[in-house]
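Since we're looking at a predicted model, the values are computed, not measured.
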Amino acid sequence: VAVGSSVEASVLITANLVDLKIPQIWAKAISQSHGKILARIGANHVIYPEAEAGERVAQYTVVTAINSAIGDNAQVLNIYDVGKLPLAWGHPKETRPDLAAGAVGRVADLEELHRRLGEGDVALVGVRGQAGIGKTVLAAMYATRHADDYPGGVIWVDVGPRRRTRDDATPLLQHLAAYAYNRDARVAWLDQIVFAPDAVQMLLGNHGRLLLIFDDVWSEEVVGVLRATAPPGSAVLLTTRDRKVAYALANGPHAVQELDLLTPTDARDLLQKRAPGLSDELADAVARGLGYHAQALALAGAALWLRKPHRYEKTAQELLQRVADGKGFGNLPDLDEADIETKVEVALKYSYDYLGEDAVHGAAQQACFRALGAFALEATFDTAAAAAVWQMEASAAEDLLLFFDRLALVRVAFPAMADGRGFSRVLSALHREYELDLTRRPDDPLRRRGLRSRPFDAEGVGGARRMLVEDGVLKTWL
């Protein structure tokens, strides 16, 4: 039982397992009192992972630029009072050609990115945009095309939404440091040291110009740690959906490069690359319907191709209708991937869950995000319209819209007033579809590969799909 954030949930789960006579129950506790309760209700083993991790960290030696130095013609790292670590630079070339291979267009964005990464002693660029817009793919395209401009190598680090604090970034520092030393080195104490950012910077330096790519960063605190690892003469490319995170990379807006939707021409090319033989007219219609959103178009192209060219028109109509109705586009019938969350839905779920992390305002923020689905497909709306839907004051609505804009959940369409005091915003087709889908929750016992899917219940009654929640209203019970 790994639940730790909710003591009540942990105790209830453990108690139910005891009632089911599970022979061995290992339960996580976050405090001594929590552990006593778990033991008393029947947990066989109670563990305290946070406390144990703290004890282990206390035994580590933190390697910094003060207590270590590179010596012997850059062949070893001398760590004072610890030992010598053999060094061997491997000239990494982590360009992610698998992602770049299916990409199209973005010529202007790539040129702008290359210009920015060529400026300054340590070039810093934070590419920012909404979920699935193509930030990671743009980074892969750039790394693949310009790898030769970085003789020191290209290092790609997947960060992700679960790394929010300085401690969360510690494994990333160890990962970066490992590029500089011989990973086959027989050093008994290697697992007893951790590298600080300045030590990592020292290890990464003096190998030629280096490109560091930090993909999908969610925290300003993590940005600070990763930024400190960049040696002089290097370039840092960071991708994020949060404007504040991109801003934190260089403590200013000058390093932020906004990534917008695909152009109509690029969107058509992407669809036709994924679905050969798709006509220009049909490709343009699908692109408009999906709001020129890169990842949505990639998935749509795959869906079209899977259902064969002779069914392109019918499939396109079904795709567009499902998006308009807020029913998703990744689970069309007759597809092998039916009823599985798409990559876009997973990406959007991270942003939606992030809205709910605020203990005071989280639930209300999520409710307001869902309510934006009331606006028409690709329609613009101003602060007054949002305030009316949310039933709040205009000033509070503007603050919330600015927060959504910061997270790339809405985007500014154009100034709504001549003095620029207000802005009209537009919700992409993809975000609207997701918001509407959040207000509908089915129970489908016949879902292929679903958890405990079965055609009949325990009493022999045939199973059938039914809506538990529809338009945000609870309709029935499980």
Decide yes or no for [X] and [Y]: does some side-chain heavy atom of the first lie under 4.5 Å from some side-chain heavy atom of the second?
{"X": "L212", "Y": "L204", "value": "yes"}
{"X": "F214", "Y": "L176", "value": "yes"}
{"X": "E220", "Y": "Y247", "value": "no"}
{"X": "W218", "Y": "R241", "value": "yes"}
{"X": "R96", "Y": "D158", "value": "yes"}
{"X": "V104", "Y": "Q272", "value": "no"}
{"X": "V194", "Y": "L173", "value": "no"}
{"X": "W89", "Y": "L203", "value": "no"}

Sequence-distant partners of E221, salt bridge (Lys or Arg N to Asp or Glu O under 4.0 Å), two or more places apart: none

With sequence neighbours excluded, residues passing salt bridge (Lys or Arg N to Asp or Glu O under 4.0 Å) with R243: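 Here the qualifying residues are E258, D405.
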
L210 vs Y179, side-chain contact (heavy atoms from CB on, under 4.5 Å): CA-CA, chis, key distance, verdict: CA-CA 12 Å; L210 177 68; Y179 287 98; over 6 Å; no

Could you measure the distance from the [atom1] atom of [X] to the [atom2] atom of [Y]? Nearest 0.5 Å is fine.
{"X": "F403", "Y": "L401", "atom1": "CZ", "atom2": "CG", "result": "12.0 Å"}
{"X": "T229", "Y": "H175", "atom1": "OG1", "atom2": "NE2", "result": "11.0 Å"}
{"X": "L87", "Y": "L77", "atom1": "CG", "atom2": "CG", "result": "5.5 Å"}
{"X": "L124", "Y": "S234", "atom1": "CG", "atom2": "OG", "result": "8.0 Å"}
{"X": "L261", "Y": "I133", "atom1": "CG", "atom2": "CD1", "result": "4.0 Å"}
{"X": "K135", "Y": "T240", "atom1": "NZ", "atom2": "OG1", "result": "7.5 Å"}

Closest approach of [X] and [Y], non-hydrogen atoms and distance?
{"X": "A9", "Y": "V3", "value": "CB-CG1, 4.1 Å"}
{"X": "F195", "Y": "Y181", "value": "CE1-CE2, 4.1 Å"}
{"X": "V63", "Y": "S68", "value": "CG1-OG, 3.6 Å"}
{"X": "S31", "Y": "Y48", "value": "O-CE2, 3.3 Å"}
{"X": "A255", "Y": "A250", "value": "CB-CB, 3.6 Å"}
{"X": "A123", "Y": "R209", "value": "CB-NH2, 4.0 Å"}

What do you reckon, is [atom1] of [X] surrounded by more than 12 foreign heavy atoms closer than 6.0 Å?
{"X": "W189", "atom1": "CH2", "answer": "yes"}
{"X": "D358", "atom1": "CG", "answer": "yes"}
{"X": "K273", "atom1": "NZ", "answer": "yes"}

Quick one: does any side-chain atom of [X] pair with a main-chain N or O of [Y] as donor and acceptor, under 3.5 Å?
{"X": "R116", "Y": "H254", "result": "yes"}
{"X": "Q201", "Y": "A230", "result": "yes"}
{"X": "T95", "Y": "A143", "result": "no"}
{"X": "E94", "Y": "I213", "result": "no"}
{"X": "D266", "Y": "R106", "result": "yes"}
{"X": "E398", "Y": "T383", "result": "no"}
{"X": "T144", "Y": "M141", "result": "no"}
{"X": "S219", "Y": "R164", "result": "yes"}
{"X": "W156", "Y": "D215", "result": "no"}
{"X": "T239", "Y": "V127", "result": "no"}

Intermediate values then yes/no, salt bridge (Lys or Arg N to Asp or Glu O under 4.0 Å), R115 and E119: CA-CA 7 Å; R115 181 189 67 78; E119 298 175 346; 2.6 Å; yes

Test log, rule side-chain hydrogen bond (donor to acceptor under 3.5 Å, both in side chains), inputs T165 and D168: CA-CA 5 Å; T165 68; D168 293 338; 3.2 Å; yes

Check against side-chain contact (heavy atoms from CB on, under 4.5 Å), Q257 and L113: CA-CA 8 Å; Q257 180 171 335; L113 183 57; 3.7 Å; yes

Contacts of type ring-ring contact (aromatic ring centres under 6.0 Å, His included), residue Y142, not counting sequence neighbours: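 Partners of Y142 by the ring-ring contact (aromatic ring centres under 6.0 Å, His included) criterion, ordered by chain and then number, come out as H114, H146.
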
side-chain contact (heavy atoms from CB on, under 4.5 Å) between T61 and Q192, worked out: CA-CA 6 Å; T61 297; Q192 299 172 14; 6.0 Å; no

Derivation of the side-chain contact (heavy atoms from CB on, under 4.5 Å) call for I70 and M202: CA-CA 8 Å; I70 295 176; M202 179 173 61; 3.8 Å; yes

Steps toward side-chain hydrogen bond (donor to acceptor under 3.5 Å, both in side chains) verdict (T64, D198): CA-CA 6 Å; T64 69; D198 59 349; 4.7 Å; no

